[in-house]
Amino acid sequence: MAATADCDVMMAPAEPERSAEEREREAEAYKERGNALYSQKNYSDAYNYYTKAIDCSSKNASYYGNRAATLMMLGKFREALEDAQQAVRLDDTFVKGHQREGKCHLTLGNAMAATRCFQKVLELEPNNEQTRQELKNAAALLEYERIGEADFEKRDFRKVVFCMDRALEVAPACHRFKILKAECLALLGRYPDAQSVASDILRMDATNADALYVRGLCLYYEDCIEKAVQFFVQALKMFPDHQKARLACRNAKALKAKKEEGNQAFKEGNYELAYRLYSEALSIDPNNIKTNAKLYCNRGTVNAKLKKLDEAIEDCTNAVKLDETYIKAYLRRAQCYTDTEQYEEAVRDYEKVYQTESTKEHKQFLKNAQLELKKSKRKDYYKILGVDKSASEDEIKKAYRKRALMHHPDRHSAATTEVQKEEEKKFKEVGEAFTILSDPKKKARYDSGQDLEEDGMNMGDFDANNIFKAFFSGPGGFSFEASGPGNFFFQFG
């Protein structure tokens, strides 16, 4: 069996244990060094020295108080609060400790706790004016909080934002106030501002369920529903009882499903079903402005397909009320206005579209609407003859024959003077309409919107009677014959 050699192990000599007095002197030296660095605004190094002082002497309230002051300057109010609370636990008469605890509570938004701390200071120092002012700040904070919560219930989100801005001047580190402000900004449609507030909180606390909820809410209201659901689910993982996140997640999923079902029904040509599904989707969440604007426009398109043009216009109007930048809704409404011969309104919508997106296509839409508006201000020869714009030559002739006979002055010779004048006017208009629409070249110019008088045609120069005679002359012609006062019959050749 091999022999084992004995080894001599050299041990470092143990440091002699320092006395309590030596540790106190060392702690004071660290504190003095920390104070010097603090006065130089070198708060990070000051923090390290105060920590060393605490390590040497953990029962000294002033060390915790000084480190609390340093943490406050570093913006770490939660850690500062712990140190301030430890300071007053060690010394209940430590005024600065109570002041700093109160200031941390106030900055973090706990006005009630801050008030108790400041009242303790005034018990110790009744003439402390700075603390009296802090008590007023705490009272103001409580009032802003009360008003903000009441206005949130009233859905006066602008006022809530105002109250939270004032509250955050007093309590700049309060996440609760920031979250409420961010939520209201989202509900007001100010998504970038809301996202910014929520992101600032998440940079400090990536697990903050409220901030995750607000991020999801912004995406939800911007119609990015799938991404929104991911944030809501993450918020619920952090805090399973988060009721707002749970409700928003449920609404987001329901809205997405109902909208997709409506789109599928529309694609399949089942417009009645699509209308019902879009209507049901609109009832899910009235706060989701962007998605609801799309749903109104989609339902407007369905109504247009169903020939319910007035309802389609109303839906598109609701869409642009929710989203003034929604080009598709303006285009859909403009087409409906055109189809219902409301040309001025159509021009107005196309002008809005072209100002927003100056494309060639939108320019042509505007040009076409302006032409229709110009044409609408002329006499409508098709309407005068009672025919469609697609009427054939034979249909135009038949219509003229009917209308000319209906309004011929001889037929109304026994009527009152007013009726005779009105019928004579209509008779002339019928002749004028036939003159234009029976001539292919004139009809083409009229249909294209050209001003016929600018083309050398003076519509006041023609004689309706001559047109009538020319039309009815020859075989198959006729004349009016009197059979007695006020009675006429037609004599056909």
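Since the model is a prediction, treat every value here as computed from it, not as a measurement.
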Does [Y] offer a backbone N or O that forms a donor-acceptor pair with the side chain of [X] under 3.5 Å?
| X | Y | value |
| --- | --- | --- |
| Lys178 | Pro172 | yes |
| Arg246 | Pro240 | yes |
| Glu260 | Ala257 | no |
| Arg403 | Phe427 | no |
| Asn208 | Ala211 | yes |
| Ser196 | Asp193 | no |

Testing the 3.5 Å rule here: is there a donor-acceptor pair between the side chains of [X] and [Y]?
| X | Y | value |
| --- | --- | --- |
| Asp323 | Thr325 | yes |
| Glu423 | His407 | yes |
| Asn303 | Thr301 | no |
| Thr340 | Gln342 | yes |
| Gln264 | Glu268 | yes |
| Asp285 | Tyr220 | yes |
| Glu134 | Asn137 | yes |

**Report entry** Ion pair Glu280/Arg276, N-O distance below 4.0 Å
**Finding:**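 Answer for the salt bridge query: yes.
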**Report entry** Lys/Arg N to Asp/Glu carboxylate O, Glu372 vs Lys375, below 4.0 Å
**Finding:**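 Salt bridge: yes.
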Query - side-chain hydrogen bond (donor to acceptor under 3.5 Å, both in side chains) between Thr207 and Asp205, intermediate numbers included - result: CA-CA 5 Å; Thr207 64; Asp205 180 7; 2.9 Å; yes
Requested in this report: Any side chain to side chain donor-acceptor pair (under 3.5 Å) involving residues 70-80? Give me the pairs, sequence neighbours left out, ordered by first then second residue.
Outcome: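 Checked against side chain to side chain donor-acceptor pair (under 3.5 Å) - neighbours excluded - no pair reaches residues 70-80.
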Requested in this report: Determine, for Tyr446 and Arg378, whether the Lys NZ or Arg CZ falls below 6.0 Å from the six-membered ring centre while staying within 45 degrees of the axis.
Outcome: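 Judged by the rule, Arg378 and Tyr446 form a cation-pi pair.
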Query raised in the report: What heavy-atom pair brings Met238 and Ala209 nearest, and what distance separates the two atoms?
Result: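 Met238 and Ala209 have their closest heavy atoms at CB-CB, 4.0 Å.
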Query - Sole residue of Lys256, Lys259, Lys290 in salt bridge (Lys or Arg N to Asp or Glu O under 4.0 Å) with Asp223 - result: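 Of the listed residues Lys256, Lys259, Lys290, the salt bridge (Lys or Arg N to Asp or Glu O under 4.0 Å) partner of Asp223 is Lys259.
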**Report entry** Residue pairs involving residues 235-266 (criterion ring-ring contact (aromatic ring centres under 6.0 Å, His included); sequence neighbours excluded)
**Finding:**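 Listed once each, the pairs are Tyr213-His242, Phe266-Tyr271.
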Query raised in the report: In Å and rounded to the nearest 0.5 Å, what is the OH to CD distance from Tyr330 to Glu324?
Result: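 With rounding to 0.5 Å, OH (Tyr330) is 5.5 Å from CD (Glu324).
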Query raised in the report: How long is the gap from CG on Asp156 to NZ on Lys154, to the nearest 0.5 Å?
Result: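 It is 7.5 Å, given to the nearest 0.5 Å.
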Requested in this report: Could you walk me through whether Asp339 and Gln335 pass side-chain hydrogen bond (donor to acceptor under 3.5 Å, both in side chains), step by step?
Outcome: CA-CA 6 Å; Asp339 292 342; Gln335 183 59 56; 2.9 Å; yes
Query - More than 12 heavy atoms from other groups under 6.0 Å of CD on Gln133 - result: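 Check passes, neighbour count above 12.
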Query raised in the report: Would a line drawn from the ring center of Phe177 to the ring center of Tyr144 be shorter than 6.0 Å?
Result: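 Ring-ring flag for Phe177/Tyr144: false, centres at least 6.0 Å apart.
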Requested in this report: Report yes if the distance between the aromatic ring centroids of His362 and Tyr354 is under 6.0 Å, otherwise no.
Outcome: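 When the ring centroids of His362 and Tyr354 are compared, they turn out to be at least 6.0 Å apart.
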Requested in this report: Begin with the C-alpha distance, continue with both residues' side-chain angles, and end with the deciding distance and a verdict on side chain to side chain contact (heavy atoms under 4.5 Å, CB included) for Asp165 and Val161.
Outcome: CA-CA 6 Å; Asp165 280 337; Val161 170; 3.8 Å; yes
Report task. Check the pair Arg166, Glu169 against salt bridge (Lys or Arg N to Asp or Glu O under 4.0 Å), reporting the backbone distance first and the verdict last. Result -> CA-CA 5 Å; Arg166 302 290 81 73; Glu169 290 173 2; 3.1 Å; yes
